[in-house]
Amino acid sequence: MSIRKLPAPEANPETSPYWEAAKKGVLLLRRCTACGRAHHYPRALCPFCFSDRLEWQAASGKGSIYSFSVMQRAPVPYAIAYVTLEEGPTMLTNIVDCDFASLRIGMTVRLVFKPAEGGAALPMFTPD
Amino acid sequence: MTIKGKAYVAGAFEHPTRNAPDKSVAQLHAECAKGALEDAGLSKDDVDGYFCAGDAPGMGPLSLVDYLNLRLRHVDSTETGGSSYLVHVAHAAEAIALGKCSVALITLAGRPKSEGMATGTAPRQGNPAQPDLQFEFPYGPTVVNMYAMCAMRHMYQYGTTSEQLAWIKVAASQHAQHNPNAVLRDVVSVKDVIESPIVASPLHRLDCCVISDGGGALVVVAPEVMKNLNRPRVKIIGAGEAPKGQFGGDVDLTFSGASWSGPRAFAEAGVKPADIRYASIYDSFTITVLMQIEDLGFCAKGEGGRFVADGNLISGVGKLPFNTDGGGLCNNHPANRGGMTKVIEAVRQLRGEAHPAVQVKDCALALAQGTGGVLGSRHGSATLILERE
């Protein structure tokens, strides 16, 4: 089976802690200490209250599929998905290491990491 | 302050080409501009406002203004993808209402067909400074799979079926058979749609719009200009615009920005969905139509599948005739941006100039709805309500 090449994410000073943690197998969320809410993708200012009092928090890695689509018209078919994390935010990702025909909305999934070009690691999910 | 009755669509032109390897993009813009001005009975030198979006080559409007050799007192290059041109009509009306210009030209053109662009199926690399890019591009978002996730969620939440979505393509094909310029002129059945190959589940090949070259242009004018023109009077009476994103992670794929732009347009126009005789609804995919129909209030949320089934969108058959030119699903999708042609067909209907087989009888009130960008991540929505005076 051919392997899908994963492009490297282009990190910047605002987001490099997220991608550095990913290389160590940790999915970081940004949580606002002013309003208490976690968000994704991570920003320097809270997208709910504009506070700059934010901290990084490791996600549990548990979530459920909010929606997905299997891209058939591709050199190697893949499943893109929105996964809602236990902590609240929903993130764009891929569902991997599974039978695509078995995927359902609401299915519980757990975090895995897949290597991307340039030594980066991408947080993805697999059915639990 | 309102734009209601402050401006008219005096000129509309849809380029007949669907495949233009022999023309430049700038040339297509110019041919569309000439066509719309001739349609209005105006000349190039009458234009004092110009509007274009991201399909215009060059920095904002600057290169095309120079290429067309226009002398202007107002420009606007608002870019909200395929919905831009509906926004431009509204912004032109605003500028005219404030006396900033009196003859506004809006153009669109592009050649994705002859340039061999994999419009919907290849992930598009963007500017790394775009803040969402690094969190999305590595996962392979394409136009099709990002709309497909909206369809998947709609099916899960409301029981919408592939057969119901297919009815939208069936209705478009019924209309396109009368359009000699349409890319797809063959009438298709629900079975044809659901038996076409899956591109990105649950969307089939025939749930997708066509890829075509071409373009279009509109001329929006002040009332004092309109009164000297020998064209049916198509008045702009309401407009709404709204961008929608992922809400910092509170993603909700069940509704579009039309749920905000629609009510704003209806409120300004002082009419309600049941008053609309004809609707141009952006149709990049069948699901795009279904969600906008619900969000505009033509039916309740979640009822879209039942609403579009059994030919309810077919002119002369159903309650809401839509996209009587065949739309993006069958006619054309110039520059991968369908908002311009949505306005053009609404203008044809209000003038009584649609093909006789699809012309809505006594069409005095029409709506045009655009969605630009990507429904499943970030998109712009724009709604226009037009009235024949």
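Computation of the quantities below employed the complete heavy-atom set of this structure, encompassing side-chain atoms and omitting hydrogens, waters and symmetry-equivalent molecules. Below, read A as the first sequence line, B as the second, and so on, with proteins coming before strands; counting in each chain starts at 1.
Proximity to chain A among residues 148-157 of chain B is limited to B:Ala148, B:Met149, B:Met152, B:Arg153, B:Tyr156, judged by heavy-atom separations below 4.5 angstrom. Of all residues spanning residues 285-296 of chain B, none has a heavy atom less than 4.5 Å away from chain A's heavy atoms. Contacts between residues 96-113 of chain A and chain B, defined by a heavy-atom separation under 4.5 Å, are made by A:Ile105.
Only the side chain of A:Arg43 has a heavy atom closer than 4.5 Å to any heavy atom of chain B. Using a 4.5 Å cut-off between heavy atoms, A:Pro77 makes no contact with chain B at all. No part of A:Ala79 comes within reach of chain B, as not one of its non-hydrogen atoms sits under 4.5 angstrom from that chain. For B:Pro131, the parts sitting under 4.5 Å from any heavy atom of chain A are the backbone and the side chain alike. Of the atoms belonging to A:Pro7, heavy atoms from both backbone and side chain fall under 4.5 Å from chain B.
Counting only residues at least two apart or in different chains, ring pair (Phe, Tyr, Trp, His ring centres under 6.0 Å) contacts with residues 49-85 of chain A are absent.
Between the side chain of B:Asn145 and the backbone N or O of A:Met71, no donor-acceptor pair lies under 3.5 Å.
Inter-residue side-chain proximity for A:Tyr41 and B:Gln134 is flagged as unmet; no heavy-atom pair is nearer than 4.5 Å. Counting only heavy atoms from C-beta outward, the side chains of B:Thr142 and A:Arg73 never approach each other to under 4.5 Å. Between A:Leu6 and B:Pro138, every side-chain heavy-atom pair lies at or beyond the 4.5 Å cut-off.
Crowding of B:Asn127 atom CG: a count of heavy atoms from other residues, nucleotides or ligands under 6.0 Å exceeding 12. Heavy-atom neighbours of B:Lys301 NZ from other residues, nucleotides or ligands within 6.0 Å: above the threshold of 12. Within 6.0 Å of atom CZ in B:Arg264, more than 12 heavy atoms from other residues, nucleotides or ligands are found, so the atom counts as buried in its surroundings.
The CG atom of A:Leu92 sits 11.5 Å away from the CZ atom of B:Phe135 when rounded to the nearest 0.5 Å. The OH atom of B:Tyr139 lies 4.5 Å from the CE atom of A:Met91; values are rounded to the nearest 0.5 Å.
For the set A:Lys5, A:His40, A:His39, the entry with the most heavy-atom pairs within less than 4.5 Å of chain B is A:His40. Between chain A and the residues B:Asp252, B:Leu203, B:Leu133, the largest count of heavy-atom pairs under 4.5 Å involves B:Asp252. Chosen from B:Gly140, B:Ser377, B:Gly248, the residue pairing most often with chain A at heavy-atom distances under 4.5 Å is B:Gly248. Ranked by heavy-atom pairs under 4.5 Å with chain B, the first of A:Pro123, A:Ser67, A:Ala38 is A:Ser67.
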Checking side-chain hydrogen bond (donor to acceptor under 3.5 Å, both in side chains) for the pair B:Ser201/A:Gln72: CA distance, chi angles, key distance, verdict?
CA-CA 7 Å; B:Ser201 63; A:Gln72 297 288 2; 5.9 Å; no
Check step by step if side-chain contact (heavy atoms from CB on, under 4.5 Å) holds for A:Glu10 and B:Phe137.
CA-CA 10 Å; A:Glu10 291 200 45; B:Phe137 182 70; over 6 Å; no
